[in-house]
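Down below is the structure, laid out as structure tokens.
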Amino acid sequence: MSVCATSQSFHPNTDIPFRINLPCYLPSSLANSKWRRFSLTETGKDIKSGNNYETKRVLECSLVSKSDSWVTVNDALQSLDFGNPEECARLYALILKNCRRTGDLQLGRQVHAHLTVSGVELCPFLSSQLLEFYCKFELLEEARQLFEEIPERNLFSWTSMIGLYCNLADYEETIRLFYLMIDEGVRPDHFVFPKVFKACSELKNYKVGKNVYDYMVRIGFEGNSFVKKSVLDMFIKCGKMDTACKLFREIEYRDVVMWNVMISGFALKGDFKQALKYFEDMQREGVKPDQVTWNAIIAGYAQNGQFQEASDCFSQMQRSKDFKPNVVSWTALIAGNEQNGCPSQALQVFRQMILEGVKPNSITIATVVSACTNLSLAQHGKEIHGYCIKNHLDTDVLVGNSLVDFYAKCRDVGIARRKFNKIRKKDLVSWNAMLAGYALRGCREEAVELFNEMQKQGIEPDVVTWNGLITGYTQFGDGEMALEFFERMRETGMVPNTITISGALAACSQAKNLRWGKAIHGFVVRNLIETATGVGSALITMYSGCHRLEYACSVFRELPVRDVVVWNSIISACAQNFYGAMALNFLRDMQSSKAEPNAVTVVSALPACAKLAALPQGKEIHQYIIRHGLDSCSLTWNALIDMYSRCGLIQKARRVFDLIPQRDIVSWNSMIAGYGTHGFGMDAVNLFSYLRVMGLNPNYCTFTNLLSACSHSGLVDEGWKYFKMMQSEYRLDPAVEQYACMVDLMARAGQFEETLEFIKQMPVEPNAAVWGSLLGACRVYCNPEIAEYATGYLFELEPNNSGNYILLANIYSATGKWENAANIRRLMKEKGVTKPPGCSWIEVKRRVHSFIVGDTSHPMMDKISEKIEFLYSKIKKIGYVPDTDFVLQDVEENEKEDSLCGHSEKLAIAFGLITTSHGTPLRIIKNLRVCGDCHTATKFISKVTGREIIMRDSNRFHHFVDGVCSCGDYW
């Protein structure tokens, strides 16, 4: 290979000049070494005379190391004839040009120093060459200083400087220099205009862009295709599609690049129909689509969710002889799937891309990492991270930001922070991702410290920063911290957007901060912020969370547009505030409107059916789910399990559970909880064993439900086994909820001494649930001494809970301590604690009938009383004896027995037997715990009538069949 080259064409591995036309070959063993070759022959035209010349400056043709390069160049410069400035300028310029091409910053600076020391005058030509050298290495300070010192700045100098600022993304200075250039009388060319139009595009500054375009037209500069492309791109990015279309039509020769700009522009603006029209027009005009065109069409189809059409275009590219799908094509498919809520499909396309041998770029990696984040696929994300490290992609800021977000959202903020620290050039997105990660994990101190550090480094938070913090803490459940950051944002004067407002309102709901919620509502009204968006639904949620359902309904009625999100919010608000009937009424109204219920709607409505035991409505919703294909979401299946379980159909709940295609841990937890509340403890235990066989890891909720099931069924040994298993096998330290279950388990088994010792040894402070469990067991075993001990704590923790007073009074009455029972009733009166009357409900022919203890207002009360008398006579014959211990008044025995007949659950049972056909199960709900006498009587009634009676009290379910209850008299 010859070492000679002209100044117009240099070999990329050569540096500076050397012997003329002397063939020299580099051994292959040194091809990639630190050694470099110098050679030069320069030909040109004399600036003054116009005559052709050939400068033959000879340096020894040799292999020189980088450290010796200055010595070699210096030798050449020493032989310069400084009396011939033109020859000096040409050689200096030629050396600088080689330095630019080979990336030798050190040598270029040494040449500049030599030039200065030698007193060589900086003519416009040499100045521009030196300026381009500094611009090449993006040395802004040196370049700007030299630029300011140039006495006569020519077009070349201005172009270099404008290009440097444009490359550094300082678009405002790019535009300022352009106007200074015009003021100095220098006419821009086809290199300058594209840079200025790009700056206007990035700044979305249509006014300046149009001004520059008008100037270009005014001076009669038509520009080449590259200039016209940049003008089109500027108009499109500034949102002026009509202007871009008009200009496009006026262009006489439209090449494939211009067509691509228009097609991509329409696709990016979301007008894919127009993009397709231009794609068809392009082909009709005989312009053949290239790879860029096809990529734009694939991206457009994918972003619109038209994956079949995108795949068809992709297949066409694969069959093309001219080009094949490249990384942009694959990334378009991957990004389209991820952005349209199909992250699993995005990962499948990525896997196929790797198998095809196409190397992903930073955008591809960031997209698939985002897909892993959305799917919570920790292992997949780590594997992709490993791929990035092996292929040197992890240093890219876009990839780094996506990995920070991934690890933060996958509950590993430690790794997220380490990855954040390794990002060399952090941008605002980097800081936002890390701050949002801390917020999502509830890390208060770390977030505040990082936020302060961010401001110290001169990086000002934007609205995305604040939104990440506010919504992050809200999602974690720390509404108070979210409101603290909202207050800090307000103090900075930054205007919140709808995302900020929605997040802050959700925080108000969590923190029960009605004052702040009303203030934000006032801000929305004063600033005429559109409430038909997420803000309207957020207001409904805020007011319902603050237990102001009437305000939530008022907001709902005032909304001009009610989309499915708004309907879902009001239905959920009613259900969560125990207005189940109102929730179902709103559901019916929604179906009458144009809004179509979705998966969120049914998940919000099913709990209302569960609380009301409204089985017919629950079944109707189940049928709607099947008809409309809403059964793909695990939340829907889980809500159905809960609904059927709480409506008394535990077998139906299990059938739903068995049909779930992909059960999550919530599915297992719901089914175990259902078995527990129905008294089927062994079924819960067996299901938990099945969970373990499937290789799933139980969580705290799983063990709470399992231990509760053991408690309700008296499975003491099993309960201890699973309590110990939490720590030994799953490294879960029991929380107060699990300790409360164990107290309930032991106390119900009559192990009071062991229970009290267990409470003393607890590493957590006993709460009301712990002492309440102990008090409930005292009722079963009539133990007033320990009951008094438990209520001593309960009266402090729950001074207004009437249930604790009533239980203690019942225990006193059952043991004949009438005076103590009277004292408890007086204490309730003094404290203003009122006992809700016992109330039972039964639904017959889609109408709910309620009965209150002692109430005789029901229109069928005469028949109900007759039925109760008839039932009493029947059940007494087979062994029923009224348990008058449950009458709190100290009256005659016959009066006590009459009092028992008026209990609400007996009235509901009698009504159900009268109004339903033989064999129909009776489903009854009671607001309080069923009393012992009613429990015994119901067992006998189920036997003499042959009816199944399903009763749900405030604590659990009771299935009465043929004289036996599912609780085994253990409740």
Side-chain angles (χ1 to χ4, degrees), residues 202-206 237-239 268-270 303 339 341 370 373-374 401 405 408-409 427-440 447-448 450-451 454-455 459-511 513 515-543 545-546 552 555-556 558-566 568-569:
E202 296 298 330
L203 294 173
K204 304 290 189 293
N205 195 329
Y206 171 72
K237 287 183 177 176
C238 289
L268 287 172
K269 296 294 179 184
Q303 288 168 7
Q339 292 166 8
S370 177
T373 305
N374 292 333
N401 293 343
D405 183 64
K409 289 179 178 176
D427 57 13
L428 183 56
V429 177
S430 313
W431 293 91
N432 288 349
M434 193 65 243
L435 286 168
Y438 276 140
L440 283 167
V448 172
L450 185 67
F451 185 81
M454 171 185 175
Q455 291 184 307
I459 300 172
E460 289 301 318
D462 63 358
V463 71
V464 177
T465 314
W466 296 108
N467 289 349
L469 288 164
I470 293 166
T471 58
Y473 279 112
T474 301
Q475 290 177 29
F476 179 74
D478 192 349
E480 292 182 359
M481 191 64 179
L483 289 177
E484 284 184 28
F485 275 107
F486 179 71
E487 172 65 10
R488 289 183 67 171
M489 175 186 182
R490 192 184 67 81
E491 290 171 354
T492 65
M494 183 168 288
V495 179
N497 60 18
T498 55
I499 296 174
T500 321
I501 292 169
S502 298
L505 288 169
C508 293
S509 176
Q510 288 179 357
N513 194 326
R515 183 179 64 85
W516 258 106
K518 286 183 174 181
I520 296 170
H521 190 179
F523 175 84
V524 170
V525 174
R526 287 192 304 274
N527 292 273
L528 303 176
I529 294 174
E530 182 61 57
T531 55
T533 61
V535 174
S537 61
L539 281 167
I540 293 170
T541 302
M542 182 274 294
Y543 280 123
C546 293
V555 170
F556 174 79
E558 292 173 4
L559 289 175
V561 178
R562 298 169 187 165
D563 59 9
V564 65
V565 177
V566 172
N568 290 347
S569 297

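Between Leu435 and Met454 the shortest side-chain heavy-atom distance falls below 4.5 Å. A heavy-atom distance below 4.5 Å is not found between the side chains of Thr531 and Val555. When side chains are defined from C-beta on, Met481 does not count as touching Phe476, because their heavy atoms never get closer than 4.5 Å. Counting only heavy atoms from C-beta outward, the side chains of Trp466 and Pro496 never approach each other to under 4.5 Å. Looking at heavy atoms from C-beta onward, Leu559 lies in side-chain contact with Ile540 at the 4.5 angstrom threshold. Within the 4.5 Å cutoff, the side chain of Val561 has no heavy atoms near those of the Val566 side chain. With a 4.5 Å cut-off on side-chain heavy atoms, Glu530 and Val535 do not count as touching. Side-chain atoms of Phe486 and Trp516, non-hydrogen and from C-beta on, do get closer than 4.5 Å to each other.
To the nearest 0.5 Å, atom CG of residue Leu268 and atom CD of residue Gln303 are 7.0 Å apart. Considering OG of Ser502 and CD1 of Ile520, their distance stands at 10.0 Å, rounded to 0.5 Å. Atoms CG and CG, on Leu483 and Asn513 in that order, are 6.0 Å from each other to the nearest 0.5 Å. The OG1 atom of Thr500 lies 4.0 Å from the CE atom of Met489; values are rounded to the nearest 0.5 Å.
Annotation: side-chain hydrogen bond (donor to acceptor under 3.5 Å, both in side chains) contacts of Glu487 (sequence neighbours excluded): Arg490. A search for side chain to side chain contact (heavy atoms under 4.5 Å, CB included) contacts involving Val564 returns Asn568, Met590, Asn598, Thr601, not counting sequence neighbours.
Closest non-hydrogen pair, Cys546 versus Ser509, comes out as SG-CA, 4.5 Å. Shown here for Ala408 and Gly437, the closest heavy-atom pair between the two residues is CB-CA, 3.3 Å. Considering every non-hydrogen atom in both Thr465 and Asn432, the closest pair reads OG1-OD1, 2.5 Å. The nearest pair of heavy atoms linking Lys237 to Lys269 is O-NZ, 4.1 Å. Taking both residues in full, the closest heavy atoms of Gly503 and Thr471 are given as CA-CG2, 4.1 Å, listed atom of the first, atom of the second, then distance. Heavy-atom minimum distance, Ala552 versus Tyr543: N-CB, 3.7 Å.
The main-chain N or O of Thr474 is found under 3.5 Å from a side-chain atom of Gln510 such that the two form a donor-acceptor pair. Not a single donor-acceptor pair under 3.5 Å links the side chain of Asn527 to the backbone N or O of Ile529.
Within the structure, side chain to side chain donor-acceptor pair (under 3.5 Å) pairs that include any residue of residues 476-485 comprise Arg444-Asp478 (at least two apart or interchain).
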When you look at Val463 and Ile499, which way does the side-chain contact (heavy atoms from CB on, under 4.5 Å) test go after all the steps? CA-CA 9 Å; Val463 71; Ile499 296 174; over 6 Å; no
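If you run side-chain contact (heavy atoms from CB on, under 4.5 Å) between Cys508 and each of Met542, His521, Arg515, only Met542 comes through.
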